[in-house]
Participant: 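The structure is given below, and queries will be raised subsequently.
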Amino acid sequence: MYSEQVMDHFMNPRNMGEIPDADGAGEVGNPTCGDIMRITLRIEENRIVDAKFKTFGCAAAIASSSMATELIRGKTLDEAWAVTNRAVVEALEGLPPQKLHCSVLAEEGIHKAIDDYRARHGMPTANGG
Amino acid sequence: MYSEQVMDHFMNPRNMGEIPDADGAGEVGNPTCGDIMRITLRIEENRIVDAKFKTFGCAAAIASSSMATELIRGKTLDEAWAVTNRAVVEALEGLPPQKLHCSVLAEEGIHKAIDDYRARHGMPTANGG
Amino acid sequence: MNSMTDRRSRPVYMDHAATTPVRPEVVEEMLPCFSERFGNPSSIYALAREARVTLEKARGQVATAIGARPEEIFFTSGGTEADNWAIKGVAAANKKKGDHIVTSSIEHHAVLHACRALEKQGYRVTYLPVDEFGRVDPAAVEEAITDKTILVSVMAANNEIGTIQPVAAIAKVAHDRGVPLHTDAVQAIGAIPIDVDSMGIDLLALSAHKFGGPKGTGALYVRRGTRIGTFMDGGAQERGRRAGTENVPGIVGLGRAIELATAEMPQKAPRLAAMRDRLIQGLLETIPDTRLNGHPSERLANNVNVAFRYVEGESILLMLDALGIAASTGSACTSASLEPSHVLTACGLPPEHAHGSLRLTLGPRNTEEDVDYVLSVLPRVIERLRKMSPLSPERYA
Amino acid sequence: MNSMTDRRSRPVYMDHAATTPVRPEVVEEMLPCFSERFGNPSSIYALAREARVTLEKARGQVATAIGARPEEIFFTSGGTEADNWAIKGVAAANKKKGDHIVTSSIEHHAVLHACRALEKQGYRVTYLPVDEFGRVDPAAVEEAITDKTILVSVMAANNEIGTIQPVAAIAKVAHDRGVPLHTDAVQAIGAIPIDVDSMGIDLLALSAHKFGGPKGTGALYVRRGTRIGTFMDGGAQERGRRAGTENVPGIVGLGRAIELATAEMPQKAPRLAAMRDRLIQGLLETIPDTRLNGHPSERLANNVNVAFRYVEGESILLMLDALGIAASTGSACTSASLEPSHVLTACGLPPEHAHGSLRLTLGPRNTEEDVDYVLSVLPRVIERLRKMSPLSPERYA
Ligand SMILES: Cc1ncc(COP(=O)(O)O)c(C=O)c1O
Ligand SMILES: Cc1ncc(COP(=O)(O)O)c(C=O)c1O
């Protein structure tokens, strides 16, 4: 059902946890659907120097969060913004069709955390806030 | 499916054949239904001294004819008339439900052959002939 | 009559159209699925994933055998379910489009009785006649199709007389009118080449026990895009289209059996056809008042069906059984019934001839000696029964 | 995290509600039916008559197990078919009488989706609520019945939470209004005593693979005189009421398995119940924020179902799998779906708790060491997942 990459990131998640006093934080999903992801970022000079996740969800959700945080670490905000759910899926060597929404959630979580940082610093955000 | 008695009377039928110049003969059934029985009788002093059958039909039909002819041999006409299909079925140790009509056919065949004899001799017949 | 009760040491099974023994290779592959790899394929742990893998392997084997894609194969509990699903499922999904089905009068009861059930619900069904050899005329299909026709269902090969239908030509006329074609290929799989694409088949029913697989497992092929409702509702198995915990051992057996049957067909068919022809010729030559039922050439390689006048089929069967030969009068399902075969009647055989018909269907285990034995025994059986019969050539002269 | 990937040498299978391994005694009895006694029971020769005899023996075994008469037992391809047939068959046969069905909101999808299919055809269905333990109130059934009600369908025991329903009381209120009762006893057979007469059951669905028999075989019990149409149309098998060549090996396996399961029930159930209670107590004691789903006492002897807050079920399953434990979140059929279990939701569990539920279902092969192992491992798994979770008691405080 799951690729080896998914199982690895599920059993040995990278970047699990919460950055205290994070520079940006985003939470997406809702418990009713069985998926919540919380992404916290440490940002220095417009670059993500640390990223962590906490996820309530299935193995695909956990692995997607783990992989997504891996992919954005060290990237500039614009580069990180451009990391799509497709990139997450590819890095995970695929997800079952009914689990693709987990990767979408990861993308959304990153966007939300970056937007949170931008909003705090008076920069334009995706939803114009 | 069939009792031992049925199989025995089917594989080793008694009284198979046709009595030449029979004193009474009756044929019942029709080829469309897959069953025809022809009963021929030799009758002396109101008593059946010989009975033979020829049957086109299934094993139950052949066994019923064989058993029916056995049951009426040596009987008076009235006694033979009283041999019911039930008596044939009992003597055969039973027939499957969908084959009970074969025993009815045997009873009808005997009645028809006896009536034939009676008609030839101006005696009253079942159908008032 | 002692000569009639001598059984041979090895019985002769010549009723392969009714069912076949499961091949040892197939049983072997099924066995571990019962008690070891027994997981429910819908679960997610390792044991269950193994079961899913074997299931999908079997799906691939079935797809390959008929030139389909794996996602077009849906496992069922046999040919009857596949036929019921195809017919009732297409009918339910196309209610708005129409209410008319075209089929033939020589279909298996799984098709005919599914159609009758629809008629009770208000659908209309045309049962096309066949010629004396049991063939459906594609032109007749074309004529029967109306604006309201939602399905044409014609079997690939008949189970009683072995007649092979011009399925590709029938598919063509159906498609020209935008109507999908279902074919009951239960007797055709492993017997004649089947390719759903080149033949234009949209739905196809098959059943494992007819080609060395286990009873109680079959499949329905559904061409991608074909509108069809569900028949068995419940869990999300078979991508939500056929509910019920999958019969994993059975499906594994089906996969292996269809793979073997189609691979061996090129070698097997000519051998069976040669035995078939020797049987037919031998019986027609040695037994008077006998005729061949079905088509002289467009016929399954393993099917012999002959009508012996003046005798009745069941009594032939039972005498043959006493002699160690297993045969049939028609479809096994109707052996208990009193009516003459609907297939033979549709071919124009008078009921009394139909009643005297015998079907011998060969299989890979049959030998030339089996053929010799049947040819030596059957004339005696027929003669003996004719002696008991009040019917005779003179009577009909 | 290495401690999470150490598999035990013997895996712990605790998903017996999803499926069970076929018992060796059962496989042994099935084996000769594949390649030796392989005849089609509808044929009339010796080989086929043998098959018919074994079939009828199995029918007797099933009848005895539930207190029915053999002629009231009809073999099917499993529980799903039996449920579909019962519901759609009664609906079709009683069209003139009415168009209303009463069932519960916690039925298996085989019942629920069959009902939904009927709703699409214009039938009306009442899905009764249950209490927090998953019980249907007989008084609610009584209230729901109208002049147009043709069937009440309430399961004997639930597959997810193990709650046992007051079937006899429900049957009584149904019968008082002249309505027949169907019960899905797929999980109940071999687990609790079932007697169709004393419980007033008119139709009953069962499935072999839930009690040591093979997948793909089940039965529908139909009380004599109950009006029901056919579901599978075709040949005259099962006295003309269920067409399709009989799955003889499967049916033979069903017969033997149900005989063994019911005979051993008095000994087995208390042993399973003791292990169940130790598991429940152990989990509730060692893992905070955990609750028992289902009924505290009216519950199947082998069913444990607990909700762990703040974590999600599938990830629990996969971690347990890595540790060699096979378990489930609910019915296996819905493991792939995103919706929380309809059963837990109907019991009033909020979706986020339902998402964190785990089902462990015991079987005769499970040992006290298995229980110890699960009790030692599961708290670590939950702790680990909770550490990953953004949800927490504080957040909900
Ligand atoms: C042509 C044909 N269609 C359908 C069936 C039904 O298949 P099954 O017995 O697997 O239900 C059969 C055999 O019985 C058959 O010969
Ligand atoms: C309560 C219940 N009903 C029906 C079914 C369906 O049975 P089957 O899988 O044999 O079709 C199951 C199991 O899947 C079940 O647990």
Participant: In terms of heavy-atom pairs under 4.5 Å with chain D, which of C:Trp85, C:Phe38, C:Tyr13, C:Phe34 leads?
Facilitator: C:Phe38

Participant: Any idea which of C:Pro24, C:Gly229, C:Ala327 has the most non-hydrogen atom pairs under 4.5 angstrom with chain D?
Facilitator: C:Ala327

Participant: Pick one of side chain, backbone, both or neither for C:Glu246, based on which atoms fall under 4.5 Å of a heavy atom in chain D.
Facilitator: backbone

Participant: Heavy-atom cut-off 4.5 Å, strictly under: side chain, backbone, both or neither for C:Lys120 against chain D?
Facilitator: neither

Participant: As an exercise: rank D:Ala48, D:Ala110, D:Pro41 by heavy-atom pairs under 4.5 Å with chain C and give me the winner.
Facilitator: D:Ala110

Participant: Tell me, out of C:Met30, C:Arg116, C:Lys95, C:Lys88, who's got the most heavy-atom pairs with chain D below 4.5 Å.
Facilitator: C:Lys88

Participant: Is it true that D:Glu28 and D:Arg23 have a side-chain N and a carboxylate O under 4.0 angstrom from each other?
Facilitator: no

Participant: So does D:Arg242 pair up with D:Glu81, basic N to acidic O under 4.0 Å?
Facilitator: yes

Participant: Looking at C:Arg241, is its backbone amide N or carbonyl O close enough to the side chain of C:Glu238 to form a donor-acceptor pair, meaning the two atoms are under 3.5 Å apart?
Facilitator: no

Participant: Closer than 4.0 angstrom, basic N to acidic O: yes or no for C:Asp370 and C:Arg365?
Facilitator: no

Participant: Would you call the rings of D:His109 and D:His113 parallel, tilted or perpendicular, taking 30° and 60° as the class edges?
Facilitator: parallel

Participant: Could you tell me which of C:Gly212, C:Gly216, C:Ser207 has the largest number of non-hydrogen atom pairs under 4.5 Å with chain D?
Facilitator: C:Gly216

Participant: At a 4.5 Å cut-off on heavy atoms, which part of C:Val27 comes close to chain D: side chain, backbone, both, or neither?
Facilitator: side chain

Participant: Okay, side chain of D:Arg227, backbone of D:Ala93: is any donor-acceptor separation there less than 3.5 Å?
Facilitator: yes

Participant: Hey, which of D:Leu112, D:Ile87, D:Thr20, D:Thr76 has the most heavy atom pairs under 4.5 Å with chain C?
Facilitator: D:Thr20

Participant: Is C:Ile251 close to chain D through its backbone or its side chain, or both, or neither, when contacts mean heavy atoms under 4.5 Å?
Facilitator: neither

Participant: Using 30° and 60° as the class boundaries, would you call the ring planes of D:Phe231 and C:Phe231 parallel, tilted or perpendicular?
Facilitator: parallel

Participant: Check whether D:His16 reaches the backbone of D:Gly363 with its side chain - one donor and one acceptor, N or O, closer than 3.5 Å.
Facilitator: yes

Participant: Does any backbone or side-chain atom of D:Leu320 lie under 4.5 Å from a heavy atom of chain C? Answer side chain, backbone, both or neither.
Facilitator: neither

